[in-house]
Undergrad: 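One structure, pasted below without further comment.
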Amino acid sequence: MGAGRKFSGGKNGIFYMQYYSTKGQVKPVSFKDAVLKGLPEDNGLYMPESIPILSEEFLKELSEKSFQDIAIEIVSGFVEDEIKKSDLEKIVHSAFDFDVPLINIHDNIFVLETFHGPTLAFKDFGARFMARVMGHFLQNESKEVNILVATSGDTGSAVAQGFLGVEGIKVTLLYPKGKVSKIQEQQLTTIGQNVTALEVDGTFDDCQTMVKEAFLDKELKEKLNLSSANSINIARLLPQSFYYLYAYSLVADYPEDIIFCTPSGNFGNLCAGVLAWKMGLPVKKFVAATNINDIVPTYLDTGLFNPKGSVRTLSNAMDVGNPSNFPRILDLYDGSHEKMSGHMIGKVYGDKQTKEIIKSVYKKYDYVLCPHSAIGYQGLFDTLEERGMNEKGVFISTASPAKFGDIVEPVIKEKVEVPERLQKIVKRKKQAVSMGNQPGDLKSYLLNS
Ligand SMILES: *Cc1c(COP(=O)(O)O)cnc(C)c1O
């Protein structure tokens, strides 16, 4: 730290980490502003002006730390004095109140299960942390804040669960009628309290347009104090880096270096891993594993970043044709293709392979993978095998197979056990407000509700 620090002066001076835009067209802002704005006006992405380096002592003692200890240490470096330590501790303990198990599948292959939060996918880490940080910064606002989210499934429920019960914040979710899975719909429409689901008679694109129009509407913006919970908010990125350190603490002793593989779509999860490496975590290689939406693996091979339309696959949360966190990752490698491709390996798997992987891992090791995590497993396995099978590797398992029973069950020819909290959700009564697909429909609802 140092260069980017702004010292407010005085005996009890406060340090603020500054956040710049990857496009560099706007002035750097504080952590609070980066979180509340979400996106800089130049459409870049916020990045910390310097990356706090973890001390050797901390890294050596990693195996004695809890997940929460690690989280508090890391966030402190990124927020400096903007959030009091005691408040930060409260935020971390309430956001991460679920398990993050690490399992040895076979040989040197370990899986970190990041899907034990309320919506059974890793997005709970980012969403729960961001919601609490926003709630913290908004706690002295007299006006209620309204968060609007358009969702095609998973993100909406993670964000809504994250904000559930956070005081002073009201969440409105828009989802396309008939275009989300049964389980996803139950997750979106049975939350209650400060969360309302709107079932839009239209497509996901319609939902997104309605939300965008609402933000551009002066009357709504003023009357309702609208805010976004954008997926590329820095507060959603940071907490994903905690679990790379935590996984490391369970399999390796500093300074041994290991390999991480992350099944990726928008590349937020992998970006957080690279951030952890920049903080000092010893990572020999990252594996960027994708389905046939292979923009980043192609970039690693060729140096050409060519976004395309996304293609639908079985691992649908990774169907991304223009990975939005790519500029952040490249930035962490100093904008250098050579540096990035020297440290990151791309692996690509199609739907047929995905099913084969799920089947063979279940048969050989009695372990059930979701379609996304299957790609993570194989990316790691193939990489370790190519390199002689004597290194340790961890892949991130991003969702519970129970969320993808319709795909997984016919492949393994067994029922997938549904966790109790998901069973409860499936039984709850759906509560949604039906709505047309015009921006005016949303506006009149918001002004009259
Ligand atoms: C969102 C998601 C991904 C992709 O993560 P990115 O951070 O967008 O790369 C992978 N698997 C599951 C289950 C997801 O929900």
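These numbers come from a predicted model, not from an experiment. Whatever order the structure lists ligands and atoms in, that order sets their numbers, starting from 1.
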Undergrad: What is the closest protein heavy atom to atom 8 (O) of ligand 1, and at what distance does it sit?
TA: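 Closest protein heavy atom to atom 8 (O) of ligand 1: N266 N, 2.8 Å.
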Undergrad: Can the ring centroids of Y16 and F31 be said to lie less than 6.0 angstrom from one another?
TA: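 No, ring centres 6.0 Å or more apart.
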Undergrad: Which residue supplies the protein heavy atom nearest to atom 4 (C) of ligand 1, what is that atom called, and how far is it?
TA: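 Here the nearest protein heavy atom works out to G265 N, 3.7 Å.
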Undergrad: Looking only at protein heavy atoms, which one is nearest to atom 5 (O) of ligand 1, and what is the separation?
TA: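 Looking at atom 5 (O) of ligand 1, the protein heavy atom closest to it is F122 CZ, 3.3 Å.
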Undergrad: Just distance, no hydrogens or angles: give the donor-acceptor pairs under 3.5 Å from side chains in residues 270-284, sequence neighbours left out.
TA:
from	atom 1	to	atom 2	distance (Å)
K278	NZ	L332	O	2.9
K284	NZ	E391	OE2	2.9

Undergrad: In the protein, what heavy atom is nearest to atom 7 (O) of ligand 1, and what distance, to one decimal place, separates them?
TA: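 Ranking protein heavy atoms by distance from atom 7 (O) of ligand 1, first comes N269 N, 2.9 Å.
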Undergrad: Which atoms from ligand 1 have a heavy atom of G268 less than 4.0 Å away?
TA: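 It comes down to these atoms of ligand 1: 6 (P), 7 (O), 9 (O).
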Undergrad: Is it true that N269 and Y244 share a donor-acceptor pair across their side chains at a distance under 3.5 Å?
TA: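 Side-chain D/A pair, Y244 to N269: present.
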Undergrad: Please find out if less than 6.0 Å separates the ring center of Y377 from that of Y367.
TA: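 Centroid distance Y377-Y367: not below 6.0 Å, so no.
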Undergrad: Is E199 salt-bridged to K430, cutoff N-O under 4.0 Å?
TA: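 Judged by the 4.0 Å cut-off on N to carboxylate O distance, E199 and K430 do form a salt bridge.
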Undergrad: Tell me which one of D201, T209, D206 satisfies side chain to side chain donor-acceptor pair (under 3.5 Å) with N437.
TA: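 When D201, T209, D206 are each tested with N437, the side chain to side chain donor-acceptor pair (under 3.5 Å) holds only for D206.
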Undergrad: Kindly confirm or rule out an N or O of P263 lying under 3.5 angstrom from an N or O of ligand 1.
TA: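 Min N/O separation from ligand 1 is not below 3.5 Å for P263.
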Undergrad: Suppose we measure from atom 11 (N) of ligand 1 to each protein heavy atom; which comes out shortest, and what is that distance?
TA: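 For atom 11 (N) of ligand 1, the nearest protein heavy atom is T398 OG1, 2.8 Å.
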Undergrad: Looking only at protein heavy atoms, which one is nearest to atom 15 (O) of ligand 1, and how far off is it?
TA: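 Residue, atom and distance for the closest contact: K123 NZ, 2.5 Å.
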Undergrad: Under 4.0 Å, heavy-atom basis, I'd like to know which part of Q240 is in contact with ligand 1: side chain, backbone, both or neither.
TA: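 Answer for Q240: neither.
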Undergrad: Using a 4.0 Å cut-off to any heavy atom of S264, which atoms of ligand 1 qualify?
TA: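 Within the 4.0 Å cut-off of S264, ligand 1 contributes 9 (O).
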Undergrad: Please identify which atoms of ligand 1 are closer than 4.0 Å to at least one heavy atom of A399.
TA: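 That gives atoms 13 (C) of ligand 1.
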Undergrad: Apply the ring-ring contact (aromatic ring centres under 6.0 Å, His included) test between F98 and each candidate in F125, F115, F122, F67; give the one that qualifies.
TA: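 With F98 as partner, F125, F115, F122, F67 yield a single ring-ring contact (aromatic ring centres under 6.0 Å, His included), made by F125.
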Undergrad: Run the salt-bridge test on R128 and D97 with the 4.0 Å N-O cut-off and return the result as yes or no.
TA: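 Looking at D97 together with R128, the answer is yes, because their closest N to O distance falls below 4.0 Å.
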Undergrad: Is there a heavy atom in F115 that sits closer than 4.0 Å to ligand 1?
TA: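 For ligand 1, residue contact (heavy atoms, under 4.0 Å) with F115 is absent.
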